[in-house]
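Quick caveat, the model's predicted, so the values are computed rather than measured. Convention: sequence-line order gives letters A, B, ...; per-chain numbering from 1.
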There are 2 protein chains.
Amino acid sequence: MLELAVLGLLSESPLHGYELRQRLKATLGAFRAFSYGSLYPTLRRMRASGWIAEHEGDAEVVAGAPALTGRRGKVVYELTAEGKERLAELLAEAGPSAWEDESFGVHFAFFSQTAPEVRVRILEGRRSRLEERREGARSSLKRASSRMDRYTLQLQEHGLESVEREVRWLTELIETERSAGTTPPHPADPQ
Amino acid sequence: MLELAVLGLLSESPLHGYELRQRLKATLGAFRAFSYGSLYPTLRRMRASGWIAEHEGDAEVVAGAPALTGRRGKVVYELTAEGKERLAELLAEAGPSAWEDESFGVHFAFFSQTAPEVRVRILEGRRSRLEERREGARSSLKRASSRMDRYTLQLQEHGLESVEREVRWLTELIETERSAGTTPPHPADPQ
DNA sequence: TTCGTCATGTAATGGGTTACATGATTAC
DNA sequence: GTAATCATGTAACCCATTACATGACGAA
């Protein structure tokens with residue numbers, strides 16, 4: 001998860017750990033945060049795997065006196081060729097690992113780098129996942145709403161409405177994807 | 001988390017593991033599932049802690065022939081006195097552990113067993129948590145929406161709307177709690 | 001000179017999941 | 001008799017968090 005997010009962000013531009021976390025918060029803020037306690041070990045692991053490397057040409061701030069041998073400043077990372085392959089591999093996955101609650105947001109955030117067919121399959125996968133949940137909630141409400149206390153009922157209803165809302169959103173997105181099949185509209189695609 | 005959910009459900013009636021999981025799905029369906037792989041070890045641990053015990057008087061189905069010594073059927077659990085204390089303790093907590101994403105739903109589900117002041121504090125805590133997130137999302141959209149690709153933007157907007165929606169819901173609930181201060185309305189409170 | 005925030009990291013722990021294994025009971 | 005679902009459990013693992021520790025740098 002974090003791995004995909006890091007690969008996705010670094011594919012846009014080289015970043016150091018701290019910066020990476022800011023971008024993570026800004027991009028996925030509403031869904032997940034990721035603490036430094038998981039970010040830095042992940043960066044280590046990914047460097048060991050050869051997917052990222054220290055970025056060349058970051059001697060900017062140094063230049064003066066305190067550097068020379070023991071520069072202990074920002075460690076800027078960039079994707080390696082293997083890292084780009086790994087990212088492509090992760091973005092090509094169109095299974096549950098892409099549409100479950102924890103992961104969907106991260107996959108969606110990098111949809112512009114994802115193949116159109118894969119995008120649609122992920123959106124549909126997530127939608128049917130939510131439709132199942134919606135049916136579960138509906139039948140639970142029909143069967144047991146009379147036995148539920150006020151709060152359980154409120155929770156169920158709010159949950160159901162949230163799910164219904166997300167299903168509508170996904171349906172719109174799927175339609176947009178479908179109709180974009182012939183004339184791919186890239187109104188604002190960076191890089 | 002699971003512990004609170006189990007205590008809360010068992011406080012309504014004795015249940016066995018499998019049944020417990022069904023109820024868990026029905027009650028928290030839209031938020032979390034909990035697998036048997038975490039449920040059974042949790043039940044073990046809770047029994048060791050003395051919060052739950054095997055329910056007396058479940059020899060119903062036996063009676064015929066196959067029982068006598070080695071009955072290996074449902075293991076029905078019920079709360080002990082210590083378990084009830086533990087539940088009260090957990091329900092009295094009005095800190096972040098009650099209003100964060102993962103835990104709020106579970107706490108809310110047992111609000112009818114929670115003290116009114118605690119209910120309001122949890123609702124307000126969650127609301128300000130979400131308001132922070134909302135402001136983060138808004139400023140992120142203002143600053144960077146022009147640099148975002150289509151999908152990142154969609155994600156941000158959908159996230160923002162979800163948060164706004166939940167804030168409105170919480171505000172309504174808080175108002176209801178407040179106005180219920182004088183005349184506690186219990187239109188449908190089981191047991 | 002002290003406070004905030006930038007910046008990097010580790011250790012211990014937490015709280016769950018998946019996959020596997022087994023067997024009883026019920027419905028067709 | 002056989003498939004579904006009820007029912008209980010274990011082992012291995014995963015992915016993250018919290019709390020802690022350290023230190024540089026800029027602004028007041």
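Note on residues 115-155 of chain B: pairs passing ring pair (Phe, Tyr, Trp, His ring centres under 6.0 Å), not counting sequence neighbours, are Phe108(A)-Tyr151(B), Phe111(A)-Tyr151(B). For residues 117-146 of chain B, no residue pair satisfies the ring pair (Phe, Tyr, Trp, His ring centres under 6.0 Å) rule, not counting sequence neighbours.
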Extract all donor-acceptor atom pairs below 3.5 Å that involve side chains of residues 36-48 of chain A and protein atoms in other chains or at least two apart in sequence.
from	atom 1	to	atom 2	distance (Å)
Ser38(A)	OG	Ser35(A)	O	3.0
Thr42(A)	OG1	Ser38(A)	O	2.6

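Taking Thr171(B) as the reference, Arg127(B), Val167(B), Glu175(B) meet the side-chain contact (heavy atoms from CB on, under 4.5 Å) condition, with sequence neighbours excluded. By the side-chain hydrogen bond (donor to acceptor under 3.5 Å, both in side chains) test, Glu124(B) pairs with Arg178(B), sequence neighbours left out. For Glu82(A), the side-chain contact (heavy atoms from CB on, under 4.5 Å) partners are Trp51(A), Thr80(A), not counting sequence neighbours. In this structure, the side-chain contact (heavy atoms from CB on, under 4.5 Å) partners of Ala94(B), at least two apart in sequence or on a different chain, are Val118(B), Arg121(B), Ile122(B). Remark: Ala144(A) pairs with Arg147(A), Met148(A) by the side-chain contact (heavy atoms from CB on, under 4.5 Å) rule, at least two apart or across chains.
Remark: nothing in residues 98-105 of chain B comes within less than 4.0 Å of DNA chain D through any heavy atom. The stretch residues 121-133 of chain A does not touch DNA chain D, since none of its heavy atoms comes less than 4.0 Å from the strand.
At its two ends the helix from dT1(C)-dA28(D) to dC28(C)-dG1(D) runs along axes set 40° apart, each axis drawn from five pairs and the angle rounded to 10°.
Closest approach to the His16(A) side chain among dT8(C), dT10(D), dC6(D) is made by dT8(C) (side chain taken as heavy atoms from C-beta onward).
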| said: Using a 4.0 Å heavy-atom cut-off to protein, can you give one letter per nucleotide of nucleotides 12-21 of chain D, 5' to 3': B if the base is in contact, S if only the sugar-phosphate is, - if neither? | reply: ----SBB---

